[in-house]
S.K.: 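Just passing along the structure, written as structure tokens.
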Amino acid sequence: MRPLAPAVDAAQAIKREVWRTQLRARRGVELVARRPPPQVATTPKDEVWSLGKARLWRYRNAQVRQGPPLVLMLGLVGDSAIFDLHPGNSWAERLVAEGFDVFLFDWGAPEAAESDHTLETYLHGYLVPALDAVRRSAGAAGVSLGSYCMGALMALLLLGSDSTLPVRNLVLFTPPCDFDYSPAFLGGYRDGRISPSDAIDETTGLVPASAMRAMFRLLQPTADLVQYVTLWEHLWRDDYMESHRAVNHWAWNHRAMAGPAFLQLTQDYVQANALVQGTARLAGKAVDLARITIPTLIVVAERDEFVPRGHSDPLEEKLGSKDLEVLRVPGGHAGALMGSVARRLTVPTVVDWLQRHAAPGQPPTPTRSTDADA
Amino acid sequence: MAPANSPAWRRAFDGVEGRVTPRLAATTSSPDFQILVQSLRQATRLVSSPVGNLAAWGLHVAGLPTHGDVRQLRRQLGEVQRDMSALRRSLEAAENDRPDST
């Protein structure tokens, strides 16, 4: 029996909190004063191809054991750093360690020179040549493609309009498809009360990065505040600041978007829901999702605030692939790809799926929808 | 949401934030709010336009460039960049189409 135990515990808790607060204050001052750049994309890689602002990197790997080469890509408004965020929280690092030949494709941040770009310009003008460059660099006949969010939509448009492309396996991370399930912040565009052309800057012909950022902020108006409070809470930890800054850098590092591509996305997909209606076209060719028959893994985030799960659900029926699996991750849009849920579930499952589909000529047991609710 | 072993101040913050944020987000992400913001932006532009014109006149009298002049220059520069970019793409495509290209 220790009658003073509660008082001792309380004193120890206060002492601990004072110590942590001292550390927080010291590190907070250091952070504000030095503003060191975030350490993102640190896995060693070499640029193997470029065109305009688009870049293709190949991660160094002396022990490639798995084929075909894997190309990772994002949509037009995000930074591809999400695939190589921070040591210990990096898809590229993990995939290289598993023996994959990993390439990272990035569209680059557009300027006035890219203001005439349509989805066709991006897909046929940049992505298709980049895939060819991957094949040349790796000496491979085909590639695996992993694409996230808008990048997944773009991959669907490309592969749905041309089945001769050298893509052997497809991983779609949180792919948008049915825009009837769009989040509320797109409502004004959907019902036509907001004209998408109003978002385009007259001088540059781009939707500015600040406008893209503002659009996402509308959905999470207190995100900044929560992020600063979380930073303050954990600032005493040695390992926290770097990973926080890496995640934060990615989350708010939006890019401008070329006006014509933005108009296509809002008018054809957000408003007309062309993918579900079957009216989508790319460079005049009809996009038919049933034409995508390659093995496909769809990663759906159960609590996705940007691409709610209903968005991706029609793909299970519409894709032509008989070897289709769906991984449902109990997390949000970004959390499905980074953080603890990603490390525990998404990364191991995707790695396992890629390994099962690695050997060409040995088709895996066809499966259709494997839920991995945790 | 912070875990149970978080400090008391964090749990208090989460309690308030958890109640406020959904309501705030419902407002800010609604189409009505966005239309209001857009209307405000248009109204600001309408009001600031005559003031800007007057300021531009004053700057031109003094022989100085205005914001509009800079925008015009940027637009022209953008067109030159676009042409160069298209040229570069055509050149690279021609290079790749050459029979001896790897």
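Note: hydrogens, waters and symmetry copies are ignored here, and every other heavy atom, side chains too, is used. Throughout, a chain's letter reflects where its sequence line sits, starting with A, and its residues are numbered from 1.
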S.K.: Could you tell me whether a side-chain N or O of A:R55 sits under 3.5 Å from a main-chain N or O of A:G52, the two making a donor and an acceptor?
M.R.: yes
S.K.: For the interface with chain A, which of B:R75, B:R74, B:R71 has the highest count of heavy-atom pairs at distances below 4.5 Å?
M.R.: B:R71
S.K.: Side chain, backbone, both or neither: which part of A:Q220 has a heavy atom under 4.5 Å from chain B?
M.R.: neither
S.K.: Hey, which of A:G188, A:P129, A:A184 has the most heavy atom pairs under 4.5 Å with chain B?
M.R.: A:A184
S.K.: Of the backbone (N, CA, C, O) and the side chain (C-beta and beyond), which part of B:Q34 lies under 4.5 Å from a heavy atom of chain A, both, or neither?
M.R.: both
S.K.: I need the residue from B:P31, B:P22, B:S29, B:A25 with the largest number of non-hydrogen atom pairs under 4.5 Å to chain A.
M.R.: B:S29
S.K.: Looking at A:R27 and A:L235, would you say the former's side chain and the latter's main chain have a donor-acceptor pair under 3.5 Å?
M.R.: yes
S.K.: Is it the case that over 12 heavy atoms from other parts of the model lie below 6.0 angstrom from the NE2 atom of B:H67?
M.R.: no
S.K.: Please look at A:T230 and chain B and tell me whether the side chain, the backbone, both or neither of the residue comes under 4.5 angstrom of a heavy atom of that chain.
M.R.: both
S.K.: Can you tell which of A:G125, A:P221, A:G205, A:G187 has the highest number of heavy-atom pairs within less than 4.5 Å of chain B?
M.R.: A:P221
S.K.: Using a 3.5 Å distance criterion without hydrogens, assess whether the side chain of B:S49 forms a donor-acceptor pair with backbone atoms of B:L46.
M.R.: no
S.K.: Is A:S137 close to A:F103 at the side-chain level, that is, under 4.5 Å between some pair of heavy atoms?
M.R.: yes
S.K.: Given that the side chain runs from C-beta out, which part of B:Q42 has a heavy atom under 4.5 Å from chain A: side chain, backbone, both or neither?
M.R.: side chain
